[in-house]
Amino acid sequence: LRRALAAKEFELHFQPKVEVATNQTKSVEALIRWRHPQRGLMRPDAFIPLAEETGIIVEIGEWVLREACRHARQWQLAGMMPMRIAVNLSARQFRQKQLMDIVQSALRDADLAPQFLELELTESAVMYDPEESARILEQLSRLGVQISIDDFGTGYSSLSHLKRFPLDKLKIDRSFIRDVTRSAEDASIVRAVISLAHSLKLKVIAEGVESGDQLEFLRELGCDQYQGYYFSPPLSAQEL
Ligand code: C2E
Ligand code: MG
Ligand code: MG
């Protein structure tokens, strides 16, 4: 991984997030890929867990942040409709002391306004030490970046903390979306998460939408945005 970073073997792919009501794309999620010289294009599940274990995720994560901001700014300069870019932060990165400096310098060096950056954090990352998390989230929020909770529903969130954190969005994990049109339980969970999010004044986005039926169902439940193969898989910068 260390060598891959130095040899510039990582790249970012981008998956659009779509507004349910208007079918417009106003943001994309950056997803890392490793273009391995022998094994070809590798998905993050194959190397991110190890990167977290060894700690090198902090360096990889900084590269992702910088690269994501750079792309977002490039698209603006190329005359594309301004799009927000969402970056996944690992728990370790979220807790690193220099996080604020790194985020600020990534924005500054790319000349990107903070409202065009969104950070995705998992429930376990923010619930691990809620007091400390609240402090970090406040700082990030004051900076003007957006914050979402990724894979919502798979970890366990304390609702009292959830309501105190300065969050913008909940992302419903794709495991609940997969059978949402067939399983009464999954439908209930999705309905409940949407209503929870809305009552906390948060936007809600569904991950892993693969069919028109799923999308229609989510539309009826009042889901704000979706992401998934139905609209588009993650794309290279060129394809995007
Ligand atoms: P995630 O943030 O929840 O990203 C969503 C994953 O779902 C992506 O997998 C995406 O390709 C996949 N996906 C999107 N739409 C669909 C769909 O309709 N059906 C199905 N079956 N899958 C869909 P990917 O790119 O393999 O990323 C996996 C995970 O790796 C991400 O989950 C995220 O937790 C982590 N990850 C990706 N990039 C980074 C990064 O730069 N830093 C860190 N720390 N983690 C990353
Ligand atoms: Mg994510
Ligand atoms: Mg997710």
Side-chain angles (χ1 to χ4, degrees), residues 1 4-5 9-18 25 27-35 40-72 84-96 99 102-103 106 117-126 146-155 157 167-181 190 193 204-215 218 223 225-237 239-240:
L1 287 168
L5 193 58
E9 288 172 6
F10 294 114
E11 60 186 58
L12 293 184
H13 283 199
F14 305 92
Q15 187 178 39
K17 302 188 184 199
V18 189
T25 293
S27 64
V28 295
E29 177 174 6
L31 295 156
I32 195 171
R33 301 288 182 264
W34 181 0
R35 200 167 284 282
L41 197 64
M42 285 168 68
R43 298 273 296 253
D45 293 337
F47 60 89
I48 289 288
L50 190 64
E52 281 178 1
E53 212 174 289
T54 58
I56 196 179
I57 189 66
V58 169
E59 279 129 288
I60 295 176
E62 179 171 353
W63 176 83
V64 171
L65 203 52
R66 292 184 162 279
E67 187 73 0
C69 291
R70 193 179 65 77
H71 277 289
R84 178 176 296 139
I85 192 142
V87 171
N88 294 282
L89 282 198
S90 80
R92 201 138 170 174
Q93 242 183 314
F94 179 59
R95 296 200 176 275
Q96 74 179 128
L99 179 66
I102 289 170
V103 171
L117 178 64
E118 173 177 336
L119 300 175
E120 298 194 1
L121 294 154
T122 60
E123 284 174 281
S124 50
V126 294
Q146 301 250 316
I147 300 159
S148 26
I149 301 295
D150 207 348
D151 307 336
F152 189 78
T154 58
S157 281
L167 306 174
D168 297 287
K169 205 185 284 170
L170 297 184
K171 296 190 75 175
I172 307 175
D173 190 69
R174 72 163 181 270
S175 60
F176 303 110
I177 304 301
R178 195 178 48 229
D179 296 321
V180 77
T181 58
V190 170
V193 173
V204 60
I205 174 165
E207 300 183 324
V209 174
E210 296 184 352
S211 75
D213 288 349
Q214 289 169 334
L215 176 58
L218 290 162
C223 190
Q225 300 178 359
Y226 75 97
Q227 220 179 329
Y229 298 163
Y230 180 65
F231 185 82
S232 171
L235 305 166
S236 68
E239 291 168 322
L240 180 72

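Only heavy atoms go into these numbers, but all of them, side chains included; no hydrogens, no water, no symmetry mates. No experiment lies behind these values; they were computed from the predicted model shown. Counting starts at 1 for both ligands and their atoms, in listed order.
- Atom NE2 of residue H71 and atom CD of residue E67 lie 4.0 Å apart, to the nearest 0.5 angstrom.
- Judged purely by distance below 3.5 Å, without hydrogens or angles, the side chains of D173 and S175 pair a donor atom with an acceptor atom.
- Classified by interplanar angle (parallel below 30°, tilted 30° to 60°, perpendicular above 60°), the ring pair W34/F10 is tilted.
- A salt bridge does not link E29 with K169: every distance from a Lys NZ or Arg NE/NH1/NH2 to an Asp or Glu carboxylate oxygen is 4.0 Å or more.
- Looking at every heavy atom in both residues, R95 comes nearest to A125 through NH2-O, 2.8 Å.
- The CD1 atom of I48 lies 10.0 Å from the CD1 atom of I56; values are rounded to the nearest 0.5 Å.
- In summary, the side chains of E11 and H13 do present a donor paired with an acceptor at a separation below 3.5 Å, with no hydrogens or angles considered.
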Every pair of nitrogen or oxygen atoms between ligand 1 and the protein that is under 3.5 angstrom apart - can you list them with their distances to 0.1 Å?
{"from": "ligand 1", "atom 1": "2 (O)", "to": "E29", "atom 2": "OE2", "distance (Å)": "3.0"}
{"from": "ligand 1", "atom 1": "2 (O)", "to": "N88", "atom 2": "OD1", "distance (Å)": "2.9"}
{"from": "ligand 1", "atom 1": "2 (O)", "to": "D150", "atom 2": "OD2", "distance (Å)": "2.9"}
{"from": "ligand 1", "atom 1": "3 (O)", "to": "D151", "atom 2": "OD1", "distance (Å)": "3.1"}
{"from": "ligand 1", "atom 1": "3 (O)", "to": "E207", "atom 2": "OE2", "distance (Å)": "3.2"}
{"from": "ligand 1", "atom 1": "7 (O)", "to": "R174", "atom 2": "NH1", "distance (Å)": "2.7"}
{"from": "ligand 1", "atom 1": "9 (O)", "to": "R43", "atom 2": "NH2", "distance (Å)": "3.3"}
{"from": "ligand 1", "atom 1": "15 (N)", "to": "Q15", "atom 2": "NE2", "distance (Å)": "3.0"}
{"from": "ligand 1", "atom 1": "18 (O)", "to": "Y229", "atom 2": "N", "distance (Å)": "2.8"}
{"from": "ligand 1", "atom 1": "19 (N)", "to": "E210", "atom 2": "OE2", "distance (Å)": "2.5"}
{"from": "ligand 1", "atom 1": "21 (N)", "to": "E210", "atom 2": "OE2", "distance (Å)": "3.1"}
{"from": "ligand 1", "atom 1": "22 (N)", "to": "Y229", "atom 2": "OH", "distance (Å)": "3.3"}
{"from": "ligand 1", "atom 1": "25 (O)", "to": "R33", "atom 2": "NH1", "distance (Å)": "2.8"}
{"from": "ligand 1", "atom 1": "25 (O)", "to": "R33", "atom 2": "NH2", "distance (Å)": "2.9"}
{"from": "ligand 1", "atom 1": "26 (O)", "to": "R43", "atom 2": "NE", "distance (Å)": "2.6"}
{"from": "ligand 1", "atom 1": "26 (O)", "to": "R43", "atom 2": "NH2", "distance (Å)": "3.0"}
{"from": "ligand 1", "atom 1": "38 (N)", "to": "I32", "atom 2": "N", "distance (Å)": "3.1"}
{"from": "ligand 1", "atom 1": "42 (N)", "to": "N88", "atom 2": "O", "distance (Å)": "3.4"}

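- With respect to K17, the side-chain hydrogen bond (donor to acceptor under 3.5 Å, both in side chains) criterion is satisfied by exactly one of Q225, E118, Q227: E118.
- The set of protein atoms (N, O or S) found at less than 2.8 Å from the Mg ion (ligand 2) reads E29 OE2, N88 OD1, E120 OE1, D150 OD2, by chain and number.
- Heavy-atom contacts from other residues, nucleotides or ligands closer than 6.0 Å to OH of Y230 number 12 or fewer.
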